[in-house]
Amino acid sequence: MIYLDNSATTKPNPQVLDSFTKASTGFFGNASSIHGIGMDAERLLRKSREQAASLLEVNPNEIIFTSGGTEGNNLAIKGIALEHQNRGKHIITSAIEHPSVIETCQGLEALGFEVTYLDVDESGLVDIDNLKKEMREDTILVSIMHVNNEIGTIQPIKEIGEVVQSYPKAFFHVDHVQGYGKVPLNIQASHVDLCTISGHKIHGLKGTGVLYVKQTVKLFSLAHGGGQERRIRSGTENVAGIVSLVKAMRLAKEKQSELHKKLTNLKHTLMEQLQTLNRVVINTPKFASAPHIVNFSVRGLKPEVVIHALEDFEIFISTKSACSSKSADESAVLIACGKDRDIAISGLRVSMSYETTKEEVDYFFQKLTEVIKKLSEVMG
Ligand SMILES: Cc1ncc(COP(=O)(O)O)c(C=O)c1O
């Protein structure tokens with residue numbers, strides 16, 4: 001099997017699974033219980049929080065453990081909007097955010113908030129001057145992703161943070177789900193107030209994640225109850241999930257620079273190979289893009305057909321994110337980047353991990369070439 005859909009999800013690292021099993025058998029207590037078993041769980045939770053904070057170079061009380069990227073993005077955006085609506089009701093995001101950001105913003109529009117969706121250029125980049133133009137006195141939040149999940153564009157987070165910082169009423173949220181472990185981000189130096197990370201994208205388990213919330217930032221809770229996680233996210237903590245998440249975060253960070261080199265080489269090799277194919281148009285920008293994602297379109301061929309044909313060789317890739325576009329077969333991201341409709345409806349995404357090898361990439365390219373040739377003959 002050649003698994004090249006690591007932006008959708010990753011295979012859990014065996015060490016992560018091991019840490020989950022150990023924590024869930026040895027530390028099953030409720031971290032809020034005052035007896036010894038609860039206190040053991042609480043100690044482990046505290047240690048995990050300290051480790052997560054140290055990996056992100058922030059303070060332990062700035063770590064809110066969540067169930068993943070969708071929850072983190074919802075909590076950050078709705079939490080700011082609902083808590084700070086007296087300051088203003090204007091939010092800025094980009095046209096190519098993940099649906100968990102775009103649809104959250106649309107939900108807030110229905111509640112009376114005003115949202116500006118920044119255009120991007122052909123590489124998927126937000127324009128800083130355009131952001132400056134759109135910032136207003138009543139802007140309370142700017143939410144911009146670090147790495148785009150479909151085409152891999154890396155946004156200039158530090159520059160954006162500097163703009164937002166000059167508006168004291170506005171907070172800055174970064175969806176770092178596709179960036180963590182692949183593209184470094186300095187949360188503090190980039191003036192980030194809120195930052196979302198998801199466990200299952202970094203060889204951790206599904207249902208685990210972190211939302212960084214700067215100490216001074218208040219959020220309206222979306223889950224009231226026992227007051228866990230700074231009263232921002234009530235509910236009995238998933239201690240074993242949290243331990244496994246921190247393990248995944250640590251492993252990803254340790255491998256980061258080596259992985260960056262390896263994946264960058266594989267990405268360039270694949271992009272050079274793809275350029276030799278007639279019908280193929282590469283959508284991932286050559287510069288300012290993450291090392292693990294290569295998005296391309298095969299003109300005239302339906303992406304599902306290509307995906308299923310590759311599956312016959314046990315190769316797994318994907319197309320655009322589910323529900324990310326108004327038109328069922330079109331990628332909203334590719335449209336926002338100004339691509340023609342025939343390119344926007346035929347986008348395919350290869351996403352690699354530390355397990356991906358050069359042999360796998362070469363085999364994928366060989367089979368893709370055969371598939372395109374065969375399908376082109378059938379379809380004319
Ligand atoms: C950029 C980005 N943000 C958020 C999410 C949602 O994360 P989760 O699947 O952990 O809810 C994803 C998942 O694909 C993503 O790629």
Side-chain angles (χ1 to χ4, degrees), residues 3-12 16 52 64-79 93-107 117-118 120 124-126 143-155 157 160 173-183 185 192 194-212 222-223 233 238 241-242 244-246 248-249 252 283-284 289-295 316-325 331-334 336-337 347-353:
Y3 182 72
L4 296 171
D5 195 13
N6 289 281
S7 286
T9 197
T10 54
K11 191 165 136 196
V16 168
I64 305 296
F65 289 113
T66 65
S67 66
T70 299
E71 183 191 335
N73 287 343
N74 270 265
L75 181 54
I77 298 169
K78 291 179 187 160
T93 187
S94 87
I96 62 163
E97 298 297 310
H98 185 267
S100 57
V101 167
I102 298 269
E103 297 207 8
T104 299
C105 288
Q106 288 168 349
Y117 300 90
L118 295 177
V120 294
L125 283 170
V126 160
S143 178
I144 302 288
M145 72 203 316
H146 184 209
V147 170
N148 179 266
N149 49 301
E150 274 188 48
I151 60 172
T153 306
I154 304 170
Q155 299 294 354
I157 295 300
I160 296 171
H173 166 240
V174 175
D175 174 349
H176 188 32
V177 167
Q178 294 290 345
Y180 186 87
K182 281 108 184 176
V183 185
L185 171 70
V192 175
L194 303 122
C195 181
T196 305
I197 292 167
S198 172
H200 76 101
K201 308 286 185 181
I202 56 168
H203 305 277
L205 300 177
K206 290 165 188 67
T208 63
V210 167
L211 177 66
Y212 158 79
L222 304 186
R233 191 210 190 238
N238 173 10
I242 288 167
S244 73
L245 168 71
V246 175
M249 286 173 69
N283 300 316
T284 289
S289 62
H292 61 304
I293 296 176
V294 177
N295 187 302
F316 300 90
I317 67 166
S318 71
T319 180
K320 70 182 176 69
S321 316
C323 351
S324 64
S325 175
S331 155
V333 173
L334 295 178
C337 295
L348 290 161
R349 179 184 68 186
V350 166
S351 47
M352 303 178 284
S353 80

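All ligand and atom numbering here is 1-based and tracks the order in the structure.
At a cut-off of 3.5 Å, with distance as the only test, a side-chain donor of H200 or T9 sits close to an acceptor on the other residue. In summary, the side chains of Q178 and S7 do present a donor paired with an acceptor at a separation below 3.5 Å, with no hydrogens or angles considered.
Contacts between K201 and ligand 1, counted as non-hydrogen atom pairs separated by less than 4.0 Å, involve the side chain only.
Remark: ligand 1 atoms within the under-4.0 Å shell around heavy atoms of S100 are 4 (C). Heavy-atom contacts of N73 reach the following atoms of ligand 1: 3 (N), 4 (C) (cutoff under 4.0 Å). Heavy-atom proximity to G68, at under 4.0 Å, picks out these atoms of ligand 1: 10 (O). Using a 4.0 Å cut-off to heavy atoms of M145, the atoms of ligand 1 that qualify are 1 (C). Counting the atoms of ligand 1 from 1 in the order shown, those under 4.0 Å from a heavy atom of H200 are 8 (P), 9 (O), 10 (O).
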Go through the steps for N238 and T208 under the test side chain to side chain contact (heavy atoms under 4.5 Å, CB included), then give the verdict.
CA-CA 8 Å; N238 173 10; T208 63; 4.3 Å; yes
Stepwise, does the side chain to side chain donor-acceptor pair (under 3.5 Å) test hold for T196 with D175?
CA-CA 5 Å; T196 305; D175 174 349; 5.4 Å; no
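Remark: ligand 1 and E71 share no N or O pair separated by less than 3.5 Å (distance only, no angle test).
Residue H176 holds its NE2 atom at 14.0 Å from NZ of K201, rounded to the nearest 0.5 Å. Atom CD of residue E71 and atom OG of residue S100 lie 11.5 Å apart, to the nearest 0.5 angstrom. Summarising the geometry, atom NE2 belonging to H146 is positioned 11.5 Å from atom OG1 belonging to T153; distances are rounded to the nearest 0.5 Å.
Scanning I197, N149, V147, D175 for the heavy atom closest to atom 3 (N) of ligand 1 points to D175.
Within the structure, the closest approach of G209 to ligand 1 does not fall below 4.0 Å when heavy atoms are considered.
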